[in-house]
**Student:** 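Mind having a look at this structure? Questions to follow.
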Amino acid sequence: MNVDKYYWSNRASIHHIERLRDFLPEGSDPERILHSGNPRYIEHIEENLGSADGHRRYDFLIEYDIYHPSHGIYFGCRSTSLSGFDHSVETKVALKEWNKVLPLAIRRLNNVFPDKDFSCRLRDTDNDNDRTFWPFWISLHEDESPHDVARVALRILAAAYRDYMVDSWIVTDMPEKKVVTYPAVRTAFTEDAYDAFLRRFVANVAVNSGADKLAANKQISVSMLEVFLRGLEDRGVATRSMAYECAWCLGPEISDIEFSALIKTFFHLLTLRLGLGSQVKAPWQHIIRIFLRHDETPFKEQIKTLSAQQDTIDKMSRLLSDILK
């Protein structure tokens, strides 16, 4: 294989080969595999079965084509038509048998992997050659282990085929397909992150406010927050970053302990300004989604546990007194 001509393909393929290193002979080198083309297909057969009619062999396997990295790693069932039988006929029979096994297989896969819905992941093959045919295949996601997902799933699939061959009556109706919904994405340093912070900020104020002062306290607290953020910018303590939708980067002179003390002091002064008997809680899980260190590294929520010396607290108090005057 011309290494220069296929540089980008090889570069992408090495990643997948490394993920499947456990299934290669010890000492196998990905670059040597790509250069030699041997093996062209990296595969691991977890189990195999003979079809009930004796016409086909079913291999339950993980496979990867080293020359087509965009296909990724995939796993499923490969049907091989045995000698003496018409392959075109056997592909149709294999597909028909899979459609009968399918409800049981999906039910068991979804039972074992409750956070996944395999009915949405089955792919139809687009070819059959060399007397082989895949009734279905499943892409292995980047965040899935070949061992913990693919091999476990293959054993479930093989057992479903085996049970069907012994007792075809056990096949159930197809489980109701889950409505495809995209999970909520929690972002940081975006307008959505700031809106979420503001909602929680106001909610924390409301918890400690009586009904007669609720509206006024919400208005005062939001105004105080806006003055606080603007004051940090004016004094160079934090800069509104243009690299994000909504983020404030602290100045290099602001340490983690000082930032922690700054936030705690602000909420202490807010509580006093509103005349509340109980401290307004700082929503740290949201605060760390709008503030960054000067080098753009994010804070962890544990920053709330940092304890500042009295001189640091006094320093932050003077700063906030100047901002909020």
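All heavy atoms count here, side chains included; hydrogens, waters and symmetry mates do not.
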**Student:** For the pair Asn208 (side chain) and Gln279 (backbone), establish whether a donor and an acceptor sit closer than 3.5 Å, ignoring hydrogens and angles.
**Tutor:**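 Answer holds: yes.
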**Student:** Is Val237 reachable from Val227 through a run of I, L, V, M, F, W or Y residues, each pair having side-chain heavy atoms under 4.5 Å apart?
**Tutor:**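 In one cluster: yes.
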**Student:** Between CG of Asp86 and NZ of Lys92, what distance do you get to the nearest 0.5 Å?
**Tutor:**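 Here the interatomic distance stands at 8.0 Å.
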**Student:** Just how far is it from atom CZ of Phe299 to atom CD1 of Ile288, taken to the nearest 0.5 Å?
**Tutor:**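 Here the interatomic distance stands at 9.5 Å.
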**Student:** Would you find a donor on one side and an acceptor on the other, under 3.5 Å apart, between the side chain of Asn110 and the backbone of Phe118?
**Tutor:**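 Side chain of Asn110 to backbone of Phe118, a donor-acceptor pair under 3.5 Å: yes, one is there.
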**Student:** Mind checking salt bridge (charged side-chain N to carboxylate O under 4.0 Å, His left out) for Asp295 and listing every partner two or more places apart, or none if nothing turns up?
**Tutor:**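 None.
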**Student:** With sequence neighbours excluded, tell me which residues meet salt bridge (charged side-chain N to carboxylate O under 4.0 Å, His left out) with Arg235.
**Tutor:**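 Result, salt bridge (charged side-chain N to carboxylate O under 4.0 Å, His left out) vs Arg235: Asp322.
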**Student:** Of all residues at least two apart in sequence or in a different chain, which pass the ring-ring contact (aromatic ring centres under 6.0 Å, His included) check with His286?
**Tutor:**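 For His286 there are no ring-ring contact (aromatic ring centres under 6.0 Å, His included) partners, ignoring immediate neighbours.
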**Student:** Should we count CZ of Arg11 as having more than 12 external heavy atoms under 6.0 Å?
**Tutor:**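 Count not over threshold, so no.
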**Student:** Under 3.5 Å, is there a donor-acceptor pair between the Tyr64 and Glu43 side chains?
**Tutor:**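 Note: Tyr64 and Glu43 side chains miss the donor-acceptor criterion.
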**Student:** Within the 3.5 Å criterion, strictly below it, is a donor on Glu142 or His15 matched to an acceptor on the partner's side chain?
**Tutor:**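 Judged by distance alone, the side chains do pair up.
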**Student:** Same cluster or not: are Leu272 and Val205 linked, directly or through other Ile, Leu, Val, Met, Phe, Trp or Tyr residues, by side-chain heavy atoms under 4.5 angstrom apart?
**Tutor:**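 Yes, Leu272 connects to Val205 through the hydrophobic network.
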**Student:** In terms of the angle between their ring planes, are Trp98 and Tyr161 parallel, tilted or perpendicular, with boundaries placed at 30° and 60°?
**Tutor:**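 Parallel: the ring planes of Trp98 and Tyr161 meet at under 30°.
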**Student:** For a quick test of reading the model, state the closest non-hydrogen atom pair linking Tyr67 to Ser36 and the distance between them.
**Tutor:**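 Scanning both residues completely, I find the closest heavy atoms to be OH-C, 4.2 Å.
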**Student:** Could you work out, with ring-ring contact (aromatic ring centres under 6.0 Å, His included) as the rule, every residue matching His44, not counting sequence neighbours?
**Tutor:**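 Applying ring-ring contact (aromatic ring centres under 6.0 Å, His included) to His44 gives Phe23.
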**Student:** Roughly how far, to the nearest 0.5 Å, is the CG atom of Leu270 from the CG atom of Leu320?
**Tutor:**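 Going from CG on Leu320 over to CG on Leu270, the span is 11.0 Å.
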**Student:** Could you state the interatomic distance from NZ (Lys264) to CZ (Phe267), rounded to the nearest 0.5 Å?
**Tutor:**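 The NZ atom of Lys264 sits 12.5 Å away from the CZ atom of Phe267.
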**Student:** What residues form a salt bridge (charged side-chain N to carboxylate O under 4.0 Å, His left out) with Arg155, not counting sequence neighbours?
**Tutor:**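 Arg155 satisfies salt bridge (charged side-chain N to carboxylate O under 4.0 Å, His left out) with Glu46 only.
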**Student:** Can you sort out the partners of Ser51 under side-chain hydrogen bond (donor to acceptor under 3.5 Å, both in side chains), two or more places apart, ordered by chain and number?
**Tutor:**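 Result, side-chain hydrogen bond (donor to acceptor under 3.5 Å, both in side chains) vs Ser51: Asp53.
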**Student:** So Ile33 and Pro39, do their side chains get closer than 4.5 Å, heavy atoms only?
**Tutor:**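 A side-chain contact exists here, since the closest heavy-atom pair is under 4.5 Å.
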**Student:** Could you tell me if the side chain of His68 sits less than 4.5 Å from the side chain of Arg40, heavy atoms only?
**Tutor:**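 Heavy-atom side-chain distance check passes, below 4.5 Å.
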**Student:** Count I, L, V, M, F, W, Y as connected when their side-chain heavy atoms are under 4.5 Å apart, and connections chain through other members. Are Val112 and Leu102 then in the same cluster?
**Tutor:**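 Same hydrophobic cluster.
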**Student:** How are the rings of Phe197 and Tyr194 set relative to one another: parallel (under 30°), tilted (30 to 60°) or perpendicular (over 60°)?
**Tutor:**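 Correct class here is tilted.
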**Student:** Let me know which of Asp128, Asp130, Asp59 forms a salt bridge (charged side-chain N to carboxylate O under 4.0 Å, His left out) with Arg78.
**Tutor:**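 Single salt bridge (charged side-chain N to carboxylate O under 4.0 Å, His left out) partner of Arg78 among Asp128, Asp130, Asp59: Asp59.
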**Student:** Taking side-chain hydrogen bond (donor to acceptor under 3.5 Å, both in side chains) as the definition, give me every residue that meets it alongside Arg121, ordered by chain and number, with sequence neighbours left out.
**Tutor:**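 Arg121 satisfies side-chain hydrogen bond (donor to acceptor under 3.5 Å, both in side chains) with Glu144 only.
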**Student:** Would you please name every residue forming a ring-ring contact (aromatic ring centres under 6.0 Å, His included) with Phe189, sequence neighbours left out?
**Tutor:**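 ring-ring contact (aromatic ring centres under 6.0 Å, His included) list for Phe189, sorted by chain: Tyr244.
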**Student:** Please state whether the rings of Phe259 and Trp284 are parallel, tilted or perpendicular, taking 30° and 60° as the class boundaries.
**Tutor:**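 Judged by the thresholds at 30° and 60°, the geometry between Phe259 and Trp284 is perpendicular.
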**Student:** Flag the pair Ile106 / Leu122 as yes when at least one side-chain heavy-atom distance between them is below 4.5 Å, and no otherwise.
**Tutor:**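 Counting from C-beta outward, Ile106 and Leu122 do come under 4.5 Å.
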**Student:** Indicate yes or no for a side-chain donor-acceptor contact from Thr271 to the backbone of Leu276 under 3.5 Å, with no hydrogens or angles considered.
**Tutor:**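 Judged by distance alone, no pair lies under 3.5 Å.
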**Student:** Tell me if a side-chain donor or acceptor on Thr125 pairs with a main-chain N or O of Asn127 at a distance below 3.5 Å.
**Tutor:**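 Yes, Thr125 side chain to Asn127 backbone: donor-acceptor pair under 3.5 Å.
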**Student:** Can you name the residues that form a salt bridge (charged side-chain N to carboxylate O under 4.0 Å, His left out) with Glu90, not counting sequence neighbours?
**Tutor:**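 Checked Glu90 against salt bridge (charged side-chain N to carboxylate O under 4.0 Å, His left out); matches are Arg56.
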**Student:** Taking 4.0 angstrom as the limit, do Arg186 and Asp192 come out as a salt bridge?
**Tutor:**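 Result for this pair is no, no salt bridge flagged.
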**Student:** Report yes if some heavy atom in the side chain of Tyr41 is under 4.5 Å from a heavy atom in the side chain of Ile66; otherwise report no.
**Tutor:**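 No - every pair of side-chain heavy atoms lies 4.5 Å or more apart.
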**Student:** Side chains of Ser139 and Ile73: does their closest heavy-atom pair fall under 4.5 Å?
**Tutor:**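 No. Closest side-chain heavy atoms not under 4.5 Å.
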**Student:** Sub-3.5 Å donor-acceptor pair from the side chain of Ser260 to the main-chain atoms of Asp256, do we have one?
**Tutor:**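 Such a contact is absent between Ser260 side chain and Asp256 backbone.
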**Student:** With a 3.5 Å distance limit and no angle check, can you tell me whether Thr190 reaches the backbone of Ala193 through a side-chain donor-acceptor pair?
**Tutor:**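 Side chain of Thr190 to backbone of Ala193: a pair is present.
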**Student:** Is it the case that the side chains of Trp248 and Glu233 hold a donor-acceptor pair, with the cut-off being a distance below 3.5 Å and no angle test?
**Tutor:**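 Their side chains do contain a donor-acceptor pair, which is all the 3.5 Å distance test asks for.
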**Student:** Are Glu97 and Tyr164 close enough that some pair of their side-chain heavy atoms sits under 4.5 Å apart?
**Tutor:**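 When only atoms from C-beta onward are counted, Tyr164 and Glu97 do touch, with a gap below 4.5 Å.
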**Student:** Could you check if a side-chain atom of Ser81 sits within less than 4.5 angstrom of a side-chain atom of Arg131, using non-hydrogen atoms only?
**Tutor:**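 Touching, per the 4.5 Å side-chain cut-off.
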**Student:** Taking only residues two or more places apart in sequence or in another chain, which ones pass side chain to side chain contact (heavy atoms under 4.5 Å, CB included) with Ala12?
**Tutor:**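 In terms of side chain to side chain contact (heavy atoms under 4.5 Å, CB included), with neighbours along the sequence ignored, Ala12 is linked to Pro69.
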**Student:** In terms of heavy-atom contacts, does CD of Glu31 have more than 12 from other residues, nucleotides or ligands at under 6.0 Å?
**Tutor:**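 No.
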**Student:** Testing the basics here: between Glu253 and Gly236, what is the closest heavy-atom pair and its distance to 0.1 Å?
**Tutor:**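 For Glu253 versus Gly236, the nearest heavy atoms are OE2-O, 3.8 Å.
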**Student:** Taking Leu24's backbone N and O only, do any of them form a donor-acceptor pair with Ser28's side chain (distance below 3.5 Å, no angle check)?
**Tutor:**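 Checked: no pair found.
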**Student:** Between atom OG of Ser119 and atom CG of Leu109, what is the distance when rounded to the nearest 0.5 Å?
**Tutor:**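 Result: 10.0 Å between the selected atoms.
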**Student:** Give the intermediate values and the outcome of salt bridge (Lys or Arg N to Asp or Glu O under 4.0 Å) for residues Asp163 and Arg108.
**Tutor:** CA-CA 12 Å; Asp163 290 346; Arg108 290 181 177 177; 2.8 Å; yes
**Student:** List the atom pairs, donor and acceptor, that lie under 3.5 Å between side-chain atoms in residues 304-312 and the rest of the protein, sequence neighbours left out.
**Tutor:**
from   : atom 1 : to     : atom 2 : distance (Å)
Lys304 : NZ     : Glu301 : OE2    : 3.3
Thr305 : OG1    : Gln302 : O      : 2.6
Gln310 : NE2    : Asp314 : OD1    : 2.9

**Student:** Got a sec, which pairs hit side chain to side chain donor-acceptor pair (under 3.5 Å) with one end in residues 214-231, sequence neighbours left out?
**Tutor:**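 Applying side chain to side chain donor-acceptor pair (under 3.5 Å) to every pair that reaches into residues 214-231, excluding sequence neighbours, yields Ser209-Asn217.
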**Student:** Mind running side-chain contact (heavy atoms from CB on, under 4.5 Å) on Leu82 and Arg57 for me, showing each step along the way?
**Tutor:** CA-CA 7 Å; Leu82 301 181; Arg57 185 185 73 246; 4.2 Å; yes
**Student:** Return yes if some donor-acceptor pair links the side-chain N/O of Asn204 with the main-chain N/O of Lys281 below 3.5 Å, else return no.
**Tutor:**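 Yes; at least one donor-acceptor contact below 3.5 Å.
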**Student:** Is any side-chain heavy atom of Ile45 closer than 4.5 Å to a side-chain heavy atom of Phe60?
**Tutor:**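 In short, these two side chains do not touch, never coming nearer than 4.5 Å.
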**Student:** Say whether, by atom type as modelled, one donor and one acceptor occur between the side chain of Arg151 and the main chain of Leu61 under 3.5 angstrom.
**Tutor:**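 Absent.
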**Student:** Looking only at side-chain N and O atoms, does Tyr58 offer a donor or acceptor that is under 3.5 Å from a partner on Thr80?
**Tutor:**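 No pair is found: no donor N or O on one side chain lies under 3.5 Å from an acceptor on the other.
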**Student:** Evaluate the criterion side-chain contact (heavy atoms from CB on, under 4.5 Å) for residue pair Val149 and Lys116; output intermediate values, then yes/no.
**Tutor:** CA-CA 11 Å; Val149 175; Lys116 304 179 188 294; 4.3 Å; yes
